[in-house]
Amino acid sequence: MNITTYLKGFFNGLWSLLVGMKTTLRIFFRKKTTECYPENRGTLKMFDRFRGELTLIHNENNEHKCIACGICELNCPNHTIRVVSEKITDADGKTTRVLQRYEYDLGSCMFCELCTRTCPHGALAFTPTFENAVYTRSKLVLKLNREGSKLANKK
Amino acid sequence: MKYEDFKDNEALEQLRASGTNIIMGSLDKLIDWGRSNSLWPLTFATSCCGIEYMAVGAARYDFSRFGFEVTRASPRQSDFIMVAGTIVHKMAPVLKRLYDQMAEPKYVIAMGACAISGGPFKDSYHVVNGVDTIIPVDVYMPGCPPRPEALLYALMQLQRKVKVEKFFGGVNRKEKKPEITQVID
Amino acid sequence: MIALKEKITSLVPAAAFDEAAIPTVTVAASEYKQLAQQLRNDADLQFNYLLCMTGMDFGDSLGVVILLESTTHLHQIYVKTVTADRENPYIPSVSDIWDTARINEREVFDFFGIRFTGHPDMRRLFLRNDWVGYPLRKDYDAGEALNPVPTENEDIRDTTLTYEALPDGAIAARERTVFESEEYVVNVGPQHPATHGVLHFRVSLEGETVKKVDVNCGYIHRGIEKLCEKLTYPQTLGYTDRLDYLGSHQNRHALCMCIEEALGLEIPDRVKYIRTIMDELQRLSSHLLFWSCLCMDLGALTAFFYGFRDREKVLNMMEETTGGRLIQNYNVIGGVSADIHPNLVSRIKEFLTYLPPMLKEYRDVFTGNVIAQQRMKGIGVLDTATAISYGVTGPSGRASGWACDTRKRKPYAAYDKVEFKEAVRTEGDSFARYLVRIDEIEQSLHILEQLVDNIPEGDYAVKTKPVIKLPEGCFFKSVEASRGEFGVYIESRGDKNPYRMKFRSPCLPLVDVVDMLSRDGKIADLIAIGGTLDYVVPDIDR
Amino acid sequence: MFDFSVVTKWVDDLLNGILSPTWATFIEFVLIGVCILTAYAVIALALIYIERKVCAFFQCRLGPNRVGPFGLLQSVADMFKMLIKEIIDIKHNDKFLFNLAPYVVIAASVLAFGCIPFGKGLHILDFNIGIFFLIAVSSIGVVGILLAGWSSNNKYSLIGAMRSGAQMISYELSIGLSILTIVIFAGSMQLSTIVESQANGWFLFRGHIPALIAFLVYLVAGTAETNRGPFDLPEADSELTAGYHTEYSGMHFGFFYLAEYLNLFIVAAVASTLFLGGWMPLHIPGWDGFNQIMDYIPSPLWFLGKTAVMIFIMMWFKWTFPRLRIDQLLRLEWKYLLPINLINLVLMVIIVVFKIHF
């Protein structure tokens, strides 16, 4: 190593360090990019397509569209959904399957959307909620059909 | 965030109710304030959730606002372990050991479906169905992977849990003292 | 194709030749090695790149299917060999012909219990040494009773077995030492900040100098391949996202294309464009993450945040359209799950002007930095022939002078309609690997620029049958994922679930070369090499 | 300019007036001990907060802002937690040395801390070989680190400690030589004399190029001495998990943590004392009005201000550069800094002998 390469290497190295320091200092005074959750909770809006948790869509009359066919349960790759139904015979002697409990384990859902995509009646949807952390495991197994809800009449 | 906005307050009230001690109450409050605001995570991630965990540390979400950014690579110095990702059979004893190596008080957050229940890989021959079968879990955070805000929410839930703990009063964590092991070197 | 057939039948008359898009040669185990050697060395064939090795359980027999490719002639061939003995299956090893076979044969041994004679290191690769049974065999019982969750750490052995086929047909087992008892062996991992997940290196040190590295995988082996055998095709899609989660869209793209090709589905141009755009966005996010993590590994903590700051912008774009930040879940069989979001085009355009100044910042902070350069230049040099032999693809392969970009070699989606440069460098060191990725960020921007205004009108998906059944046969399709060639191999028996689904992981070869590259370097070099190879552990372990 | 020796004198007289000399001295010891430890803790906590805020700003984020106003109480919360965190007892280690090591480290930094002149008359230890004493005691710290690494019975710790040893011994040379340059210039090793002799201009300006070079070398070597990035090899997160303090938990780790920040403060304080005039206000010969205005600013403020600037520069280093490799680290010292320093020393001697300084 001769003296010129020694010095050249030294000063080039020094220069590159100074360039780096200049850049970081510039960023030091730049506006920060942090979003302040939870302070911004009021204004925070998820993207429409974001999948937070599965819901059974209920209309204002507390009616849903699930006929308890079980296609979603069948399509779910890891048994996240359990559809409990019962057969009810009405006055005319016609037997229909009625949804009793729509169980959904939020703690094992992989959000693959196969349930919503294969549902023949469009009864399911993902909502963009994300504040779901809890202290007890059992609270993550949700019952999706609301209390007293019933099947919406087809029009 | 207001108290009512949080989920699962019932579990919190249960904790609060146990082992009240009025005299030491204010000292407890001070300690809890310190602990809850200085939760240092262990640098630990196994899969996808780990990337979201990094994203929370990065500029956009920045968990340093809460004082969580001092991620320690050594379990001895960290306060909680974020189980971010699938835990498989081969990893299970390692996780257990990491947990044992941590100093009290220590907390566990199960992040994502894999850590809660095995998630997508529930049926696999090599996946542990939920880390709560190996170590006690304080907060369950669903999602696959949970988004960064959900992670911050879970951290706040953990803070709330820490805040109702009693240092001098009753013992909330009924656990026997773990055996002492060496850091995996 | 005829030439290939003639050539092979002349070489090994006993081989059965099956013509298809990719021809298959079936040979007996006794002739397998000889055929492999000839395929590799014959001037007209030159199958120098072992793309994919799949262990198979055919029901009555066990076997191996290897997919070979020639980097000069660009032809491909499957070589299949079987052994009927399920109790003590032996197949000759080809690890001395293709280096990458070494780790792949260990994987096959781990999953199927096939022992390879002549292989230097027949240890389990993913599962624990005390694991009972071979999980990917069809008769394996996956119950908890056989293999409960262990409570004790694995007793890691310092010795390994190698099997030798004696001339009289008998098999002799010999013990070989991995680490001598007096070596100073440090465990880097499984929980270590620089292994990018749960990878376990056992490093033999002499002071600061690394003497030997033994890779111990499997701390995130989730058994995806076995899971897929029980799932229907649409259900398997979700699992590809979770292999290499930084290339989730690309992985899924490969699987979708493989299934679509097998079904003979015609994919609309719009879908191809959308998929290409999302692929490139994914590549951007992955490379930005690579940059961040490398900087962090080398101790430049601030740079990590710059990379993530810009990556968030990419994630925003993807999330708005696909609904997922990391796990995209966007490709479906026959198209994509939803049309692109109306904002996507404008967001991409905004990003195209946003990123270049940031790239300059990267240069100032890290690329040009004398410390960073000295830590990467000349460190971990991988030459072209070795890279091919080890099957090191992607940016790491290209840094070694191997033009291995699948987008150029086997164009898919809309890659034949765009113009871009394949970033190839010849130095083969860590710095070259780093620069290739920086170049690829620029090329990705360039591709996006060409595509974003020209997305053709049309459907975003074609209708498929409710139950998808693939015709009988084997199918392979590969894409250029962020870390290399990601391939999907499906063996179908005409059912609604695959008989065997194998993912060609781009990261497995990467972790395989760590030992070779980091020998006689410093501990810090090991970190730099690991960082620039940029493997994702769940992709290795699957 | 207010002289703090008035206050100390007053306290001394008061105590001697009402107590026997032995008791008075004893109480003075206790008082000073309490003061120094309080100052130590407060400065360390403040520095931890500042570091976290500064690094956040370099990284386009906000940093702690939820605990107390602007997150000011963040490090206080950390302290509370650390104080009651379990101290794990480890099997198969050298118990005595393992428990001793953090105290050695903290004692070394407290001793060094005691030498620093905070303001006019605000001095704890001031004797004729002050700077020599400071160098000597601050190097005790490395013993603590080596002990910690050795006694932990952990391979990472051992590698970290060995790195630290190599690093400290090398960079001690540069620190010593660059300080020697200034000692030649000042003609004294007493810190108060060094500060006093900068009344007409700081050494950085008066000493021509050699002083500037010595300053830069001192900055680099000082950063290395504190084990901070880009020289944080002994605890390199991504290589050795936590280096020599991997096995330490609770307050024992807290001592290492505090000592790291205090060493940062000490290095910065010494830099400002030697090169930037310590507590001496900025005086420009001839500008009497300006000098008088400068004198109105209390001397501790001057000192802390200069130290703060130095600390910021060292944080700036840490948050910009990647970590060096061990061979680069040693090459930088032995091939660049040491030769430069030696030449610089000769230059300084020439300048002093021929009196060509300001």
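Below, chain A is the first sequence line, B the second, and so on; all start at residue 1.
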### Message
I'd like to know if the side chain of Lys106(B) and the backbone of Gln101(B) have a donor-acceptor N/O pair within less than 3.5 Å.
### Response
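Not at all, since once roles are kept as given, no pair shorter than 3.5 Å links the two residues.
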
Please classify the contact between [X] and chain B as side chain, backbone, both or neither, with a heavy-atom cut-off of under 4.5 Å.
X	result
Leu227(C)	side chain
Val537(C)	neither
Leu136(C)	side chain
Pro150(C)	both
Cys228(C)	neither

Which of the residues [options] is involved in the greatest number of heavy-atom pairs with chain C at under 4.5 angstrom?
options	value
Ile51(B), Leu95(B), Leu42(B)	Ile51(B)
Glu52(B), Lys90(B), Met91(B)	Lys90(B)
Ala84(B), Gly118(B), Pro148(B)	Pro148(B)
Pro120(B), Ala59(B), Ala92(B)	Pro120(B)

### Query
Would you call Asp79(B) and Arg35(B) a salt bridge, using N to O less than 4.0 angstrom?
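Not counted as a salt bridge, because no side-chain N and carboxylate O are separated by less than 4.0 Å.
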
### Task
Inspect the contact between Arg128(C) and Asp130(C) and indicate whether a charged nitrogen and a carboxylate oxygen are less than 4.0 angstrom apart.
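Looking at Arg128(C) together with Asp130(C), the answer is yes, because their closest N to O distance falls below 4.0 Å.
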
### Query
Between Asp132(B) and Tyr140(B), does any side-chain donor sit less than 3.5 Å from a side-chain acceptor?
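Present: a donor and an acceptor within the cut-off.
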
### Query
Quick one: do the Arg242(C) and Asn251(C) side chains pair a donor with an acceptor below 3.5 Å?
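Note: Arg242(C) and Asn251(C) side chains miss the donor-acceptor criterion.
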
### Whether Trp291(C) and Tyr362(C) hold their rings parallel, tilted or perpendicular, with breakpoints at 30° and 60°
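Because their plane-to-plane angle is under 30°, the rings of Trp291(C) and Tyr362(C) count as parallel.
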
Selection from [options] maximising heavy-atom pairs under 4.5 Å formed with chain B:
options	answer
Phe126(C), Tyr306(C), Phe305(C)	Phe305(C)
Arg311(C), Arg309(C), Glu312(C)	Glu312(C)
Leu326(C), Leu289(C), Asp244(C), Asp241(C)	Leu326(C)
Tyr219(C), Phe308(C), Tyr239(C)	Tyr219(C)

### Task
Please check if the distance between the ring centroids of Tyr125(B) and His221(C) is under 6.0 Å.
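Yes, close enough.
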
### Task
Start with the C-alpha distance between Phe109(C) and Arg124(C), add both sets of side-chain angles, then the distance that settles side chain to side chain contact (heavy atoms under 4.5 Å, CB included), and finish with yes or no.
CA-CA 7 Å; Phe109(C) 167 67; Arg124(C) 280 190 182 267; 4.3 Å; yes

### Task
Test Lys163(B) against Asp32(B) for salt bridge (Lys or Arg N to Asp or Glu O under 4.0 Å), laying out the working first.
CA-CA 5 Å; Lys163(B) 278 201 178 113; Asp32(B) 286 341; over 6 Å; no

### Query
Side chain, backbone, both or neither: which part of Ala45(B) has a heavy atom under 4.5 Å from chain C?
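Just the backbone, heavy atoms under 4.5 Å.
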
